[in-house]
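Let me begin by presenting the structure, written as structure tokens, before commenting on it.
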Amino acid sequence: RYLDAILFGNILISALVLKQVDWAEEFIKKYSSEVSPENREGLIQYSNARIKFARGEFEQSLKLLNQIKSFNHIQYKIAIRDLMLINYYELSLFTQAYSFLYSHRHFLNKNKNYFSPERFERESNFMKLFAKILKLKEKLNRGEIDALALEIQSTNSVIEWAWLTEKIVELKSMASD
């Protein structure tokens, strides 16, 4: 009997949201061997990419994500793509971010039937908000930043909400300078 890969990921993400990066890293080391062998390698690479991201090592995070060969869980395929997008944002790789966002939307829509309506909505909302935040990073506009901040605050169903909120705060600071 194996540790469920989705449960493993939920524990990891919960620790990272709480800024418990060292704990999360120890969790990976201690429990990744309990995940089924067909998902283990990809899960370890994704998890380590999340750790690198949490530490601000965006290039290393992206490198680990690009090394993932395959993953049986469609949920992880989406999570990997989400993390790639936010790494592109952090590295100001705008061309790659826009191109990958287009590809990601297509992938999500093509695989819509594999997701609950709620999960699909959270992903769709993230991509919509991500596109707006990416545009604002390229060209700061205080009024649009404020409007997007309100939109993010009022959007209950979105993944990476904490990250989006953090980026809005950064954009507001940049627009004030």
Side-chain angles (χ1 to χ4, degrees), residues 1-91 93 96-97 100-101 103-105 107-108 111-112 114-130 133-134 152-153 155-170:
R1 197 146 153 99
Y2 296 108
L3 176 60
D4 182 72
I6 300 298
L7 176 60
F8 183 96
N10 287 342
I11 293 168
L12 175 74
I13 296 301
S14 295
L16 294 175
V17 166
L18 295 171
K19 308 278 190 226
Q20 297 297 313
V21 180
D22 292 337
W23 185 93
E25 191 168 39
E26 286 304 311
F27 173 78
I28 296 165
K29 290 175 186 171
K30 186 172 182 178
Y31 293 103
S32 61
S33 62
E34 304 295 320
V35 175
S36 68
E38 71 260 13
N39 291 317
R40 190 175 300 141
E41 184 181 338
L43 182 63
I44 291 169
Q45 287 174 306
Y46 169 75
S47 299
N48 286 325
R50 276 279 176 191
I51 296 292
K52 294 291 185 191
F53 182 85
R55 291 199 167 121
E57 299 171 22
F58 308 121
E59 289 177 4
Q60 289 299 316
S61 176
L62 203 51
K63 183 178 178 183
L64 286 168
L65 292 170
N66 282 318
Q67 291 173 356
I68 298 173
K69 304 253 187 297
S70 68
F71 222 108
N72 292 341
H73 281 286
I74 189 116
Q75 302 289 344
Y76 272 104
K77 289 179 181 180
I78 292 294
I80 289 164
R81 289 168 167 266
D82 293 338
L83 186 54
M84 289 182 84
L85 274 175
I86 59 179
N87 271 299
Y88 288 141
Y89 176 94
E90 296 292 356
L91 293 167
L93 298 173
Q96 291 91 328
F100 200 75
L101 180 61
S103 166
H104 190 21
R105 278 186 178 138
F107 181 84
L108 182 66
N111 294 287
K112 182 177 183 175
Y114 293 105
F115 299 98
S116 68
E118 296 80 15
R119 175 66 192 249
F120 184 82
E121 180 184 17
R122 286 193 306 270
E123 284 292 336
S124 296
N125 285 341
F126 169 72
M127 285 188 258
K128 177 183 75 169
L129 295 169
F130 178 86
I133 211 165
L134 184 62
I152 290 170
Q153 292 301 322
T155 304
N156 296 325
S157 184
V158 63
I159 60 150
E160 300 291 351
W161 185 86
W163 180 83
L164 290 166
T165 303
E166 179 183 311
K167 295 304 118 183
I168 281 293
V169 170
E170 287 177 12

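- In this structure, D22 pairs ionically with R55, as a charged nitrogen and a carboxylate oxygen lie closer than 4.0 Å.
- Counting all heavy atoms, side chain and backbone alike, L3 lies closest to L7 at CD1-CD2, 3.9 Å.
- The side-chain heavy atoms of W161 and E166, taken from C-beta on, include no pair separated by under 4.5 Å.
- To the nearest 0.5 Å, atom CG of residue L93 and atom CD of residue E59 are 8.0 Å apart.
- The number of heavy atoms from other shown groups lying within 6.0 Å of CD (E41) does not exceed 12.
- From I80, atom CD1 reaches atom CG of L65 across 6.5 Å, with rounding to the nearest 0.5 Å.
- A side-chain donor-acceptor contact under 3.5 Å links N87 and S61.
- Under a 4.0 Å N-O distance rule, the pair R119/E123 qualifies as a salt bridge.
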**Q.** Test side-chain contact (heavy atoms from CB on, under 4.5 Å) applied to I11 and Y31, step by step
**A.** CA-CA 11 Å; I11 293 168; Y31 293 103; over 6 Å; no
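- One finds the CG atom of L108 at 11.5 Å from the CZ atom of F126 (value rounded to the nearest 0.5 Å).
- Atom CG of D82 sits about 14.5 Å away from atom NZ of K77, to the nearest 0.5 Å.
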Q | Full working for side-chain contact (heavy atoms from CB on, under 4.5 Å) between L101 and R105 | A | CA-CA 6 Å; L101 180 61; R105 278 186 178 138; 4.1 Å; yes
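- Scanning both residues, A49 and L64, for their nearest heavy atoms gives N-CD1, 3.6 Å.
- When side chains are defined from C-beta on, S124 counts as touching F120, because their heavy atoms get closer than 4.5 Å.
- A salt bridge is absent between R122 and E160: the closest approach of a Lys/Arg side-chain nitrogen to an acidic carboxylate oxygen does not fall below 4.0 angstrom.
- Counting only heavy atoms from C-beta outward, the side chains of H104 and I78 approach each other to under 4.5 Å.
- Taking the ring centroids of F27 and F8, they lie under the 6.0 Å cut-off.
- Annotation for L85 and A97: closest pair CD2-O, 3.6 Å, computed over non-hydrogen atoms.
- Annotation for G42 and I68: closest pair O-CD1, 3.9 Å, computed over non-hydrogen atoms.
- A donor-acceptor contact closer than 3.5 angstrom links the side chains of W163 and E90.
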Q: Report the C-alpha distance between F130 and I159 in whole Å, list the side-chain angles of each, state the deciding distance to 0.1 Å, and finish with yes or no for side-chain contact (heavy atoms from CB on, under 4.5 Å).
A: CA-CA 10 Å; F130 178 86; I159 60 150; over 6 Å; no
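- Heavy atoms of other residues, nucleotides or ligands lying less than 6.0 angstrom from CZ of F115 number more than 12.
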Q: Let me see the working for N39 and Y2 under side-chain contact (heavy atoms from CB on, under 4.5 Å), right down to the final yes or no.
A: CA-CA 11 Å; N39 291 317; Y2 296 108; over 6 Å; no
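- The shortest side-chain heavy-atom distance between I51 and L16 falls under the 4.5 Å cut-off.
- Counting heavy atoms from C-beta outward, L62 and Y88 have side chains that approach closer than 4.5 Å.
- Distance check, rounded to the nearest 0.5 Å: CD1 of I133 to OG1 of T165 gives 8.0 Å.
- Atom OH of Y76 is separated from atom CG of L83 by 12.0 Å, given to the nearest 0.5 angstrom.
- Taking each heavy atom of I28 and S47 in turn, the nearest pair found is CD1-CB, 3.4 Å.
- A salt bridge is absent between R40 and E34: the closest approach of a Lys/Arg side-chain nitrogen to an acidic carboxylate oxygen does not fall below 4.0 angstrom.
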